[in-house]
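Step one of this worksheet: look at the structure below.
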Amino acid sequence: MTNGGNINSSTHLLDLLDEPIPGVGTYDDFHTIDWVREKCKDRERHRRINSKKKESAWEMIKSLYDAWSGWLVVTLTGLASGALAGLIDIAADWMTDLKEGICLSALWFNHEQCCWGSNETTFEERDKCPQWKTWAELIIGQGSYIMNYIMYIFWALSFAFLAVSLVKVFAPYACGSGIPEIKTILSGFIIRGYLGKWTLMIKTITLVLAVASGLSLGKEGPLVHVACCCGNIFSYLFPKYSTNEAKKREVLSAASAAGVSVAFGAPIGGVLFSLEEVSYYFPLKTLWRSFFAALVAAFVLRSINPFGNSRLVLFYVEYHTPWYLFELLPFILLGVFGGLWGAFFIRANIAWCRRRKSTKFGKYPVLEVIIVAAITAVIAFPNPYTRLNTSELIKELFTDCGPLESSSLCDYRNDMNASKIVDDIPDRPAGTGVYSAIWQLCLALIFKIIMTVFTFGIKVPSGLFIPSMAIGAIAGRIVGIAVEQLAYYHHDWFIFKEWCEVGADCITPGLYAMVGAAACLGGVTRMTVSLVVIVFELTGGLEYIVPLMAAVMTSKWVGDAFGREGIYEAHIRLNGYPFLDAKEEFTHTTLAADVMRPRRSDPPLAVLTQDNMTVEDIENLINETSYNGFPVIMSKESQRLVGFALRRDLTIAIESARKKQEGIVGSSRVCFAQHTPSLPAESPRPLKLRSILDMSPFTVTDHTPMEIVVDIFRKLGLRQCLVTHNGRLLGIITKKDILRHMAQTANQDPASIMFN
């Protein structure tokens, strides 16, 4: 395995001229960047700035600006992400409550804010006040269940229709979660417009509408996309990032950390999420900048205080009782449930999305959203737990039953003979309210499981974090209540005897909801470290890290038993993005010669010669083929490798030469060598294109094991690699060849590996 030359030699990678050709070194849409070339370009820029900074004060200022531009761009990204997240949270809360009624005293207040200043509210009915009117009271003058039901469905459908229409007309890329595409972009793929200003604007508006429509989706995943849009837009203000695709991806890694920071109020969890889940290349400098971006974003969101609770999230909770060793068993069972849910969801959702792509149903995205929204609204309204905003539902499930709770989940029968406990309320027998709540939660669990499968992937912004957490929180709360009642009625059993005394507060059902939420989210995404830290930051409970770790690892192991892909990797494969997953192992014993093209039955490799071709020959070769680049050899006879020229660079260079240089015609000789060969006097002026030639393309021998080749592609982010034998060019291996080969070895259809 060689690298065709020393990168640090005097002839550096691009052999740049004093006047580089405009457009050379840029990329087309749906192409992969060349990480090695981008890094060399950045090193060259850095050397140039360092060599000039001592020439004058102005050059010194420019050098300082260049050094600080990284911190400036992540600061701006953090500020914008925090501000937009606060705006989305406030607007989504207001529009969610709009489905049920309106505040007459101040139209911009949601239900809770409307009743804050009222003197007519009672403790038991704190959500009822004269200022808040339901739609039935406004329209027919009295409370009517049917009228409220109809208005709820009307608003849900209106919001959903408006969201899908805006996405379809103005920004088709604003739909979905955005995380699979961001993972692909961070691996070096170019999707123009995916992180643009139109996508940002429409995603922000439609995310509010989609959440308010009551669909089984969350805003947390799309907030990562929103933050990355901010990072991409701000990176264009700084030449260091706007002209270098690899450097720009460092900003996007920091932006994704800021996105999770504001989504969950978890700055450290955001950094770990960026590192574990989305980033492909994550140097130490990016780690610091991600941390800073997450900090700034969280600070801005805290200043806005969208939930009015001085917290960064709606469902912040604190528990006061410790967990006991015997509780690890139900926690691990919740982990098993999370893993099973994750495996089921990935298979069911991918099957449905594949069906959507391959049938006529996919041609009517607006109709699909309307149908899903209508079914969701019709079924959700009668059940108070599905009618609630999903974040509110999670908050209620996480919250421990205290003396101030009026929820039916806290309808326990008080034992008058129990000794008075000052801080904690002892375990008590469940009342009728708790049993009816459990039945409603069981129905809500089935509803959420089914609707989330059909909702994730429709053409509106849709996150998966919150629905998965809701499913886990429902299951966890039910298990928690069951264990609590078991401990109350059977406190003399050997597992309870040592820890649960009569009249003690032993089991916390809210903790089970939290563990279940983490397990289900882990089962779907296969996140581990970042997920535990996110949930720990959500709850502020340091002592519950062990139960969370146990449940999350169990859910990952159970999920991996059914398939190693998380939901984002599965969607990347479904969409056919050229993403080489670093987590995937390649264990087959094939060689580079088995994978390279051309194969035995294929036509010979399309190549350029060093100084034997004319402009017309190269233009014909470009027109007749669709390859992204061509190896340059000394001659057809020797097949000795000289370098590699990209198709886009060749096209731009020839067009530029025709415009700017006199005497360049179709019969002009093209020369990639350092010295122009002697030509007859009457021949037209030759065209020198050595400046666009990559003089050190990565090469491997035909006997290199594919394990090593795959490793090189992953770690260096290569687009292509040339295969040689004793210095003679044999063939080429591209990223897509590797993905096709990996698909074949996994008994999948290799034709599916292309941008769809």
Side-chain angles (χ1 to χ4, degrees), residues 173-189 191 194-195 203 217-228 249 252-253 255-257 259-260 263-264 269-270 272-282 338-339 341-354 356-357 452-453 455-458 461-469 471 518 520-531 534 552 555-556 559-560 562-584 714 739 742 748 752-753 755-756:
Y173 283 153
C175 68
S177 155
I179 293 178
E181 286 76 12
I182 284 162
K183 281 188 77 155
T184 311
I185 288 167
L186 286 174
S187 77
F189 197 55
I191 309 178
Y194 198 82
L195 301 174
K203 186 119 187 178
L217 48 82
K219 58 181 179 288
E220 279 63 18
L223 276 174
V224 176
H225 186 185
V226 166
C228 284
R249 273 147 185 76
L252 298 181
S253 288
S256 61
V260 173
F264 289 106
L272 290 172
F273 173 83
S274 180
L275 174 61
E276 180 184 359
E277 192 61 25
V278 295
S279 292
Y280 196 82
Y281 172 66
F282 204 83
W341 147 251
F344 162 76
F345 174 78
I346 291 166
R347 290 193 178 186
N349 182 253
I350 292 296
W352 177 247
C353 290
R354 190 171 282 123
R356 184 192 288 128
K357 277 178 176 287
T452 305
V453 168
T455 305
F456 189 69
I458 59 175
S462 53
L464 190 59
F465 284 41
I466 288 294
S468 293
M469 287 180 77
I471 287 163
C520 282
L521 186 51
V524 170
T525 60
R526 305 295 155 82
M527 287 154 55
T528 50
V529 183
S530 55
L531 176 59
I534 285 169
V552 168
S555 75
K556 181 173 168 54
D560 283 351
F562 292 93
R564 297 187 73 84
E565 280 183 329
I567 186 67
Y568 301 131
E569 290 80 15
H571 270 271
I572 285 170
R573 193 160 54 80
L574 176 73
N575 291 325
Y577 298 133
F579 179 74
L580 203 53
D581 193 358
K583 296 171 193 166
E584 225 173 300
R714 277 183 184 145
L739 288 163
M742 289 172 84
Q748 293 165 1
S752 68
I753 307 299
F755 184 77
N756 193 338

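We number each residue from 1, following the sequence as shown.
Looking at every heavy atom in both residues, S468 comes nearest to C520 through O-CB, 3.3 Å. Across every non-hydrogen atom of V278 and L186, the tightest pair is O-CD1, 3.5 Å. The nearest pair of heavy atoms linking C175 to I458 is CB-O, 4.3 Å. Residues L739 and P578 approach most closely at CD1-CA, 3.5 Å, considering heavy atoms. Of all heavy-atom pairs spanning G463 and P222, the tightest one is CA-CD, 3.5 Å. Across all their heavy atoms, P461 and A174 have their closest contact at CG-O, 3.4 Å.
The distance from atom CG of L252 to atom CD1 of I182, rounded to the nearest 0.5 Å, is 8.0 Å. Summarising the geometry, atom OG1 belonging to T455 is positioned 6.5 Å from atom CG belonging to L217; distances are rounded to the nearest 0.5 Å. With rounding to the nearest 0.5 Å, the separation of CG in L531 from OG in S555 is 7.5 Å. I350 CD1 to I346 CD1: the interatomic distance, rounded to the nearest 0.5 Å, is 8.0 Å.
Residues meeting the ring pair (Phe, Tyr, Trp, His ring centres under 6.0 Å) test with Y568, sequence neighbours left out: none. When the ring pair (Phe, Tyr, Trp, His ring centres under 6.0 Å) test is applied to Y194, the partners found at least two apart in sequence or on another chain are Y173, H225. Partners of E565 by salt bridge (Lys or Arg N to Asp or Glu O under 4.0 Å), not counting sequence neighbours, listed by chain and number: R573. With sequence neighbours excluded, no residue forms a side-chain hydrogen bond (donor to acceptor under 3.5 Å, both in side chains) with Y280. Evaluation of the salt bridge (Lys or Arg N to Asp or Glu O under 4.0 Å) rule for K203 yields no partner, not counting sequence neighbours. In this structure, the side chain to side chain contact (heavy atoms under 4.5 Å, CB included) partners of R347, at least two apart in sequence or on a different chain, are F562. With sequence neighbours excluded, the residues that form a ring pair (Phe, Tyr, Trp, His ring centres under 6.0 Å) with F345 are W341. Residues passing the side-chain hydrogen bond (donor to acceptor under 3.5 Å, both in side chains) test with S253 are S279, sequence neighbours excluded. With sequence neighbours excluded, the residues forming a salt bridge (Lys or Arg N to Asp or Glu O under 4.0 Å) with R356 are E368, listed by chain and number. With sequence neighbours excluded, the residues forming a side chain to side chain contact (heavy atoms under 4.5 Å, CB included) with K219 are I88, D89, L207, V211, S391, listed by chain and number. Residues that satisfy the side-chain hydrogen bond (donor to acceptor under 3.5 Å, both in side chains) test with S530, not counting sequence neighbours, are E276. In this view, D581 satisfies the side-chain hydrogen bond (donor to acceptor under 3.5 Å, both in side chains) rule with no residue, not counting sequence neighbours.
Put simply, the side chain of K556 never gets that close to the backbone of G522: no donor and acceptor are under 3.5 Å apart. Under a 3.5 Å cut-off, the side chain of R714 and the backbone N or O of L580 do not form any donor-acceptor pair.
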Exercise. Under the side chain to side chain contact (heavy atoms under 4.5 Å, CB included) rule, what do I179 and F465 come out as? Steps first, then yes or no, please.
Key: CA-CA 11 Å; I179 293 178; F465 284 41; 4.1 Å; yes

Exercise. Dump the intermediate steps for salt bridge (charged side-chain N to carboxylate O under 4.0 Å, His left out) on R564 and E569, then the final yes or no.
Key: CA-CA 9 Å; R564 297 187 73 84; E569 290 80 15; over 6 Å; no

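Counting only heavy atoms from C-beta outward, the side chains of L272 and I534 never approach each other to under 4.5 Å. A 4.5 Å side-chain heavy-atom check between F579 and K183 finds at least one atom pair inside the cut-off. The shortest distance between side-chain heavy atoms of K357 and N575 falls below 4.5 Å. By the 4.5 Å heavy-atom criterion applied to side chains, N349 and H571 are counted as neighbours.
Each of C353, P467, S177 was checked for a side chain to side chain contact (heavy atoms under 4.5 Å, CB included) with F456, and the lone residue meeting it is S177. Considering V524, I466, L464 in turn, L464 is the only one that fulfils the side chain to side chain contact (heavy atoms under 4.5 Å, CB included) rule with T452.
For F264 and F273, the ring centers are positioned 6.0 Å apart or more.
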